[in-house]
Protein chains: 2
Amino acid sequence: MIGFVGLFSYLAVNYLEIMLKLSVSESYERLFAAFSQFHPLSQELRDAIVDHSKLMNVAKKQLLLSEGEKSDKIYFIVTGAARIYYLNEEGREKNTWFLFENELVISVHSFFASQASFEYIKTMEDCSLIVLSRSRLEQLYEKFVSFNIIGRKLTEYYYIRNEAQANSLRMHSAKERYLQLIALQPQILQRVSLGHIASYLGISAETLSRIRSQL
Amino acid sequence: MIGFVGLFSYLAVNYLEIMLKLSVSESYERLFAAFSQFHPLSQELRDAIVDHSKLMNVAKKQLLLSEGEKSDKIYFIVTGAARIYYLNEEGREKNTWFLFENELVISVHSFFASQASFEYIKTMEDCSLIVLSRSRLEQLYEKFVSFNIIGRKLTEYYYIRNEAQANSLRMHSAKERYLQLIALQPQILQRVSLGHIASYLGISAETLSRIRSQL
DNA sequence: CCCATTTTTTGACAAAAGTCAAAAAATGAA
DNA sequence: TTCATTTTTTGACTTTTGTCAAAAAATGGG
């Protein structure tokens, strides 16, 4: 009897996963939707993007980039979540970004400047990702000049977010940063542990716990 | 006798200023040199940039942007220096960037996102600036699609710098940030007061003074 | 459902940096 | 050069956040 229940729940989980899994074309539709917010994409460009990239599934807690490597891939998260972190002097992980579905993931310093990375990228959940190598991306920029419009605007968009985060670290106390986070991204609390959130906010887990207890 | 000395030194200063002042074409050559590091510029594009922009001289301590305004101009510093700052809750100026010759100046949040600015831009020295409005810049992007390549790469370049600064604030102590600054930009100490540098490093002037005294 | 593992909380104390006030030093306009 | 103004330094004390250790709570694989 227990065997049957076990088998049933196993099948049910797989069924759920199949239900949640997007087809290849649905996945690319999401990428194109994200890109076309900035500038329309020709069918030819869409086809070239599909040709040059690949869709892959990655389990949770898998490294997409390690310190010392050169980041030569850009990821679009179709489903799932990832985080970017570095190791401080004592070897503790410090998160700098959390990224979710419909967002692009790179290590900025490493990818844009072709330098060895000082940061790590790791999935936080099972992910479906569209992966494009740096060289393939550059080929697309060369072949489709108007793709540079999208590239420019996407870069501007992530730049703004980066600035906002940097300014938040400069301008606000730990408590204000936490309140800002739950006001602007409340879903993050459902998907990310408090320890990870604390390091993202630039504070210790203990300090975050104390901030939360006095609210 | 004192009158003559005074007159002489007055003339000498003016002579120096004239010597240092660049002609219009020399000024634009500097802009083009900065841009062509990323991608060659056609003569047609160069002409259009000259047509769409203007060269202006601004005295030191003049505001280029105030809080609440929409930043709709991008500045290229031909000569001089500027700083970006915001006012904290107590109304104190906090510097976020120092910018010098051959660098572009915008308020990222305001310019890219067309939002009212929370920051100020002020010259720190007499400046010679090339000014381009946002709408003119967009016209250039539309008319010269390949200009988007330059725009994209420039945005990537400043994005990297912004990330590096944000990471420096996150990863290093006040003392480390100061040592990094004098290692990487020693000239900054000659041109910017310690009070301004302290707020740029995210510390009080007193803390910077103590860091310096114990070196 | 259970137990090992991970995460979060709490307490006591330490370290880093801020604040305020006053003195010292540097700057710059007449 | 001189004097007023601005900038920098110094001392005493406070605040914020970090660290270490241990307990409590939550999670998740078998």
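Note on naming: letters A, B, ... go to the chains in the order of the sequence lines (proteins, then strands), and numbering restarts at 1 for each one.
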*Contacts to DNA chain C from residues 203-215 of chain B, heavy-atom cutoff under 4.0 Å, which residues?*
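Going residue by residue through residues 203-215 of chain B, the ones with a heavy atom under 4.0 Å of DNA chain C turn out to be B/Ile203, B/Ser204, B/Glu206, B/Thr207, B/Arg210.
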*Hey, does the Lys NZ or Arg CZ of A/Arg191 hover above the aromatic six-ring of A/Phe100, less than 6.0 Å from the centre and inside 45° of the axis?*
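No - A/Arg191 does not lie over the ring of A/Phe100 by the 6.0 Å and 45° rule.
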*Given DNA chain C, 5'-ward residue of the pair B/Lys60 and B/Glu90, judged by closest heavy atom*: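 Its nucleotide being nearer the 5' end, the pick is B/Glu90.
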*Can you tell if the side chain of B/Phe76 reaches within under 4.5 Å of the side chain of B/Ser27, non-hydrogen atoms only?*
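Answer no - side chains too far apart.
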*Start and end of the DNA chain C segment that chain B contacts, any atom under 4.0 Å from a heavy atom*: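 Going 5' to 3' along DNA chain C, contacts run C/dA17 to C/dA21.
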_Could you go through A/Lys94 and B/Arg170, starting from their C-alpha distance and side-chain angles, then the distance that decides it, and tell me whether this counts as side chain to side chain contact (heavy atoms under 4.5 Å, CB included)?_
CA-CA 9 Å; A/Lys94 297 286 175 180; B/Arg170 260 195 284 258; over 6 Å; no
*Can you list the steps and then say if A/Asn167 with B/Phe118 is a side chain to side chain contact (heavy atoms under 4.5 Å, CB included)?*
CA-CA 11 Å; A/Asn167 283 326; B/Phe118 62 87; 3.2 Å; yes
*Passes side chain to side chain contact (heavy atoms under 4.5 Å, CB included), A/Asp72 versus A/Ser135? Steps please.*
CA-CA 8 Å; A/Asp72 65 345; A/Ser135 59; over 6 Å; no
*Sequence neighbours left out, what pairs pass salt bridge (charged side-chain N to carboxylate O under 4.0 Å, His left out) with at least one residue falling in residues 201-211 of chain A?*
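Every pair satisfying salt bridge (charged side-chain N to carboxylate O under 4.0 Å, His left out) with a residue in residues 201-211 of chain A: there are none.
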*Please give, in whole Å, the distance from D/dG18 P to A/Lys94 NZ?*
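Result: 7 Å.
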*Going by the side chain to side chain donor-acceptor pair (under 3.5 Å) test, name the single residue among A/Glu93, A/Glu67, A/Arg83 that passes it with A/Tyr120.*
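Exactly one option meets the side chain to side chain donor-acceptor pair (under 3.5 Å) with A/Tyr120, and it is A/Glu67.
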_A/Leu215 vs A/Leu179, test: side chain to side chain contact (heavy atoms under 4.5 Å, CB included). Steps then yes/no._
CA-CA 10 Å; A/Leu215 285 185; A/Leu179 292 174; 4.0 Å; yes
